[in-house]
Amino acid sequence: MAAPTPHEFLEKVIHATADGTHIRRCLQCGTCSGVCPHGFAMDYPPRSLIAALRADDWYGVLESDTIWLCVSCFACASVCPQRIPLTRGLLCTLKTEMLVGGSIPQELQTALGNSRRYGNALGESPRKRADWAKDAGVPVPVMANHREPVEVLWFVGDYGSYHPRVQQVSKALARIFHALGVTFGILGPEENSDGDTQAFTGEWGLFELLARKNVTAMKKYSFGQIVTGDPHAFNAFKHEYPRLGFERPVQHYTQFLTDRIGQLLPLLRKPVPKRVTYHDPCYLGRANDNNVYEEPRQLLKAIPGLELVEMGHNRALSLCCGGGGGGMWLDGFVWEKAHTRTTEWRVKEALAVGADILAVACPYETPRFEDAVKSTGNEGKLLVRDVAELLAESMFGE
């Protein structure tokens, strides 16, 4: 298939989002490239990419593979004075063209192949998707067996289901739901990856395949709302699944628990006398019109004895963990090109404010930041805990 001309590519960008025509307003101010976490290592960060298109330097764009350094963190789009949908429109569309042309790092190709074959990027059997729940300490109903209406359909996600470290977060959240008397169920083997990260690698066809499988499964059951611990799944259900005709109320678990903080407060009995700083996930904040910044902080402040301190980069200015847009599966490629890790920057920033604990609210972040603590030589100086784990520690003494 022949590569599109610059004009044809721009037309694809314009039609990728409702406000795609804003790309014509680019001022070439460079704000987007300056805020990009890997902009320094990219041949064509957002401003340069638009300039290259205007100058008909399309050959150079297609010859470069540094678009895969884009972690779809929405930093560029959030600061653009002309409100150009850079992440969802421009950068994702270029990734799609690179995929069509066969220019894709092997690490990413493996993850996408696993997603297509197994329904998850980790290459795990769908039959094992609910195995983590066997020793959760509380009943975790699988909807196919439960068959009764529930208040919450809990979308656990790939890493919450399969990754040994993130399974601990899932177990903590199950115990919290149970303590609050929430009726909930999970899809278990019927659940597939939400598809959001695959979509932001430019693989929208794979996203649609995964999403339609999830929609087919969810339509079989009666539930009040979707709750997920994965900001990427939250983003997908909020913004992308409605384009496929499926729209249901969805909350990140921090929103859901904050709405029930009156019930939660009496259960927070054990003090957690730690200095804690919170990392804002890109897909709860910048990527989302909900701007879910305060709910996680309200939950942390509710824990007795806990002191919450802020890093310099917080809320809309949060540094990306590097896991979005396929970055979760491109660590080797990113290191080769950039010789740095955004997770290490964040760990150093957390230590700079004297934190004992770096609190997170995304399944990508717990293992990524724990690896960064080790790679920076700071083992024993900083712990990484999901907000749900800190709540469970106060509630159950774990």
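Residue indices begin at 1 and follow the sequence shown.
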request  = Take E310 and R315 through the salt bridge (Lys or Arg N to Asp or Glu O under 4.0 Å) test and state the conclusion after the steps.
outcome  = CA-CA 10 Å; E310 295 287 357; R315 296 176 173 83; 3.6 Å; yes
ask   = Checking salt bridge (Lys or Arg N to Asp or Glu O under 4.0 Å) for the pair D280/R297: CA distance, chi angles, key distance, verdict?
value = CA-CA 10 Å; D280 290 279; R297 290 173 169 81; 2.7 Å; yes
key: Check against ring-ring contact (aromatic ring centres under 6.0 Å, His included), F177 and W154   = CA-CA 10 Å; F177 285 161; W154 177 12; 5.3 Å; yes
request  = Could you go through the side chain to side chain donor-acceptor pair (under 3.5 Å) check for D259 and Q251 one step at a time?
outcome  = CA-CA 10 Å; D259 286 347; Q251 286 186 307; 2.9 Å; yes
task = Output, in order, the C-alpha distance, side-chain angles, deciding distance and verdict of side chain to side chain donor-acceptor pair (under 3.5 Å) for Q298 and T258.
result = CA-CA 7 Å; Q298 289 181 46; T258 301; 5.0 Å; no
message = Assess the residue pair Y118 and Y162 against the criterion (ring-ring contact (aromatic ring centres under 6.0 Å, His included)); give the C-alpha distance rounded to whole Å, side-chain angles, the decisive distance to 0.1 Å, and a yes or no.
response = CA-CA 12 Å; Y118 299 105; Y162 293 119; 9.7 Å; no
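Of the candidates Y253, F256, F237, F155 forms a ring-ring contact (aromatic ring centres under 6.0 Å, His included) with just one, namely F237. Looking at L210, D230, D158 one by one, the single match for side-chain contact (heavy atoms from CB on, under 4.5 Å) with D194 turns out to be D230. Residue Y283 is tested with F234, Y364, F74 for a ring-ring contact (aromatic ring centres under 6.0 Å, His included); the sole match is F74.
Counting heavy atoms of neighbouring residues, nucleotides and ligands inside a 6.0 Å radius, atom CZ of F40 exceeds 12 of them. Annotation for K337: atom NZ counts as buried by contact number, over 12 foreign heavy atoms lying within 6.0 Å. With a 6.0 Å radius and a threshold of 12 heavy atoms from other residues, nucleotides or ligands, K220 has its NZ atom above the threshold.
Between the side chains of N314 and Y293, no donor N or O sits under 3.5 Å from an acceptor N or O. Using a 3.5 Å distance cut-off with no hydrogens or angles, the side chains of T5 and H7 do not pair a donor with an acceptor. If you check the side chains of Q168 and E389, you find no donor sitting under 3.5 Å from an acceptor.
Within the 4.5 Å cutoff, side-chain heavy atoms of C321 are placed close to those of R368.
Between the side chain of S222 and the backbone N or O of P149, no donor-acceptor pair lies under 3.5 Å. In this structure a side-chain-to-backbone donor-acceptor pair under 3.5 Å is missing from T366 to P363. A distance-only check finds no donor-acceptor pair linking the side chain of R346 to the backbone of T342 [under 3.5 Å].
Salt-bridge check for K374 with E379: failed, with every basic side-chain N at 4.0 Å or more from each acidic carboxylate O. E344 has a carboxylate O that lies under 4.0 Å from a charged side-chain N of R341, or vice versa, which qualifies the two as a salt bridge. With respect to the salt-bridge test (charged N to carboxylate O, under 4.0 angstrom), the residues E240 and R88 qualify. Using a cutoff of 4.0 Å between basic side-chain nitrogens and carboxylate oxygens, R24 and E11 are scored as salt-bridged.
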